[in-house]
Amino acid sequence: MQEQYDFKQIENTWQQYWENQDLYRVPDHSERPKYYCLEMFPYPSGKLHMGHVRNYSIGDVIARFKTMQGYDVLHPMGWDAFGLPAENAAIKHGIPPATWTWDNIAHMRSQLKQLGLSYDWHREVATCHPEYYKWGQWLFLQLYKKGLCYKKHARVNWCPDCATVLANEQVVEGNCERCSATVEQKELDQWFFRITDYSQRLLDDLKKLEGWPDKVKIMQDNWIGRSEGAELTFKAEGSGDEITVFTTRPDTVYGVTYMVLAAEHPLVAKLSAGTPQENEVAEFVNRVSKLTELARTSSEKEGVFTGACCINPFNGERVPILTANYVLYHYGTGAVMGVPAHDERDFEFAKKYDLPIRVVIHPSKDKGLTAEEMTQAYTEDGIMVNSGPFDGTPNRQGIRKVTQYAEEKGIGKGIINYRLRDWLISRQRYWGTPIPIIYCKKCGAVPVPDHQLPVLLPTDVAFKPTGESPLKGNPDFFNTTCPQCGEPAQRETDTMDTFVDSSWYYLRYTSPRDTEQAWGKDKAARWMSVDQYIGGVEHAILHLLYSRFFTKVFYDLGLVNVEEPFENLLTQGMVLKDGAKMSKSKGNVVSPEEIIQRYGADTARLFILFAAPPERDLEWSDRGVEGSHRFLNRVWRLVYSVRDQVAAAPAVAPGTPYVGVHKEMRRLTHYAIKKVTEDVSGRFNFNTGISTIMELVNGIHTYRDKVAEVERDAAVLAEAVNTSIILLAPFAPHIAEELWQSTGHSGSVHRQPWPQYDPTALVEDEVEIVVQLNGKLRERLHIPANMKPAEMQQYVMELPSVQELIAGKQIIKVIPVPGKLLNIVVK
RNA sequence: GCCCGGGUGGCGGAAUAGGCAGACGCACAGGACUUAAAAUCCUGCGGUGGCAACACCGUGCCGGUUCGACCCCGGCUCCGGGCACCA
């Protein structure tokens, strides 16, 4: 063992050794229980950033800890390798996307290896590899055959900069989630997955996910957006055209004073035809439908009379039909009833256009409302009035009763609406999984037969700066023959959203090299579900919702036997510098490479785990990094100074009665085992775990310095030193391995069993308690630890110093808390 | 507007079940070692007053419950995130 901590040499040596020994390979079958630890795989952008380092350091601690606890830990890594940046690089630098991507992967893989992460690299996957996307295509076809995948002509989100369509989830406040360009609307033929068929199950099963943060579950709940209500049908006067509205408040149907249709609603043109309103309506629709949803909904409410009226089937009243910008065509039925008295939007609209307001809910029997006095809508609960047979009914009951009545009369029905839309998966891009569909003039859209998979992405493609997919200009790719009739046919040139690729990679890791199937059912059964998933909260909806959907589909197809993919989810916070997210434009980026170069991987990992608990944002501090480095040096010097004594020491004999400093050293050792185990297992509070190891190391220093070498108990010292090395192993794996080997051990420290604490070592003879007077701290004192509350009270109360405290005061009550305090309440 | 988080020393953070606020680390100050510096080691480090023992104040603000509140309840405020004309 060298006197100096030479992290470079140590990290290189052990990384090579572990690789040569194949230390992190995990078997598919064994007697040990399984644990699946997964971190979100990265997009191979070129270099690791600190967010990656944090994500993977957290996962590595858990994986190593679980391994030491006796589990077979599946801890894989791979690459979310399809995507637009590869195409941009091709256009900009003339490098083919495949070359660019594989070069990046090679570099990032070596960076990950430099961090000393315990991945089973035999299981590496890359979504751009034909052996991976072949099965993505196969899964697409399984959904297709099940009717969960369809092509539809629809108004879709189009990003002009990315030159492709986007899923709803990828539009953030009207802008592209990737490049922030303003999203436009286009009418196109597009492929969708029928995720809406799973709305209710995706919602219901959120309750089963006890290991997920509430925040993420709430976000998914909101996104699915279940809303219970009724559809009610009104008939247009004259023509008899039916207008069905969706409402969550059927109890207010007697308060309807107008109807509103979305601008795109087919009846708008029909109803206004031939009325004096016709031109005005056409002009309004023309203007409004050009606007994006965001532009429409952020402007003031506007509407025009269509010239037609309809009859409220509940009270026979005649109300005008309008069209307005605040009604969305794609939600519900694209039509709403206007109840200004009890809906804020309707109130605002009615005030602007002078439409009548009719109160049909009173706050209570004694408290009424009048339309004239109202300054805002009354949306709370109350009693129904002006509502024919329903007068006097509490409105909550009224919702049920009106719906029931509508069903009996055939003018409506109860219904549940979801905000969730089907998942648009086709992309007009080259660098993605080709959609395995062939278009034949005779047979229509024909799925590519299984034996023809994969539909290979051609690599000899020309990129144009227009951004158009080069597949369109590649006849070798798109010209083919129909699998059904053999006539000439064309391939689909759209590729799949990369979120499709990342929605099943956790399953592929269970059978990464299987050439016969997407995964082995037995393998998936052994490893699924993922016990711990770790990644950024930015995937709360997109990736995590899609993966849940896929798993449910696979369950229904009999491909897996779990209904949820991720048992426990840890969403790590961002890495900040000077209070802001690291970014090139802000110039506050700290490069992992530089930190590893200067301080080593162990220091980088230790700092990032110590500086904050994983879920919180982490403020980067160069000083803090130095502190972590200093600590590792301190551990090194300690072990160096006692290495021979430790190596030669016997084990602590069970039951040995230690006293004084020796006893205290043992207490500290076993307390550290207890505390670090608790911090790493349940709470993932690595910061407090590390601080406990620091306390142990500080304690060993004191023990070494204050006790002469001859009086030192070698067994106690060795126990403390060995424990600190083992506890440090998941956090700083290289230095721990080196120290382990230098203190006379054989076998990797990472294959040692995680230590168990000895409860008898934690028992103290004396405890410090405080004496409070009316809850205020007055005195600290030491008492025997085994005192019962009554004994403790008597003992403390008789102490002269305490007598002095309470002299001349009337004692009202005394509250003894064993091992903690005694509170004396006096007057 | 609605729904989640979060406000604790100069800084990152700790207090896991209502029981000693500030563990651990950073920064800073003083000291030891050194010709000197770095490294290392030791000591101090919430505020105010005091030579000191000690006293008083102190977890965003106001109030409540309790023998006792960073922690529970009510009301506000500021910061971060999500959703937002979804009928």
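So you know, we letter chains A, B, ... as the sequences are listed, proteins then strands, and number each from 1.
For B:A23, the OP1/OP2 oxygens have no side-chain nitrogen or oxygen of A:T692 closer than 4.0 Å. Taking side-chain N and O atoms only, A:N698 has no distance below 4.0 Å to OP1 or OP2 of B:A23.
Within the nucleic acid shown, A:E619 has no heavy atom closer than 4.0 Å to any nucleic acid atom. Using a 4.0 Å heavy-atom criterion, one finds that A:V260 contacts no nucleic acid atom at all.
The nucleotide whose nearest atom lies closest to any side-chain atom of A:P613 is, among B:C20, B:A14, B:A87, B:A14. Each of B:G82, B:C24, B:A15 was ranked by its minimum atom distance to the side chain of A:M219; first place goes to B:G82. Across B:C20, B:C24, B:C85, the shortest atom-to-atom separation from the side chain of A:R780 is found for B:C20.
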For RNA chain B, the dot-bracket pattern of Watson-Crick and G-U pairs whose distances stay under 3.5 Å, | for other-strand partners: (((((((..(((......[....))).(((((.......))))).((((....))))..(((((..]....))))))))))))....
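The side chain to side chain donor-acceptor pair (under 3.5 Å) search around A:E231 returns none, not counting sequence neighbours. For A:E619, there are no salt bridge (Lys or Arg N to Asp or Glu O under 4.0 Å) partners, not counting sequence neighbours. Qualifying salt bridge (Lys or Arg N to Asp or Glu O under 4.0 Å) partners for A:R683, counting only residues two or more places apart in sequence or in other chains: A:D679. By the side chain to side chain donor-acceptor pair (under 3.5 Å) test, A:H539 is found to be paired with no residue, residues two or more places apart in sequence or in another chain being considered. Every residue two or more places apart in sequence or in another chain that forms a side chain to side chain donor-acceptor pair (under 3.5 Å) with A:W223 is listed here: A:E169. Evaluation of the side chain to side chain donor-acceptor pair (under 3.5 Å) rule for A:Y757 yields no partner, not counting sequence neighbours. Applying the salt bridge (Lys or Arg N to Asp or Glu O under 4.0 Å) rule to A:E228 yields the partners A:R226; only residues at least two apart in sequence or on another chain are considered.
Proximity of residues 811-824 of chain A to RNA chain B (heavy atom under 4.0 angstrom from any strand atom) is restricted to A:K813, A:I815, A:V817, A:K820, A:L821, A:N823. Shown for residues 767-779 of chain A: residues whose heavy atoms fall under 4.0 angstrom of RNA chain B, namely A:E768, A:V770, A:Q772, A:K776, A:L777, A:R778.
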Would you tabulate the nitrogen or oxygen pairs shorter than 3.5 Å linking the protein to nucleotides 38-45 of chain B?
| residue | atom | partner | partner atom | Å |
| --- | --- | --- | --- | --- |
| B:U40 | O3' | A:R637 | NH2 | 3.2 |
| B:C41 | OP1 | A:R634 | NH1 | 2.7 |
| B:C41 | OP1 | A:R637 | NH2 | 3.4 |

Using a cutoff of under 3.5 Å, can you pull out all pairs of nitrogen or oxygen atoms linking the protein to nucleotides 4-7 of chain B, with atom names and distances?
none

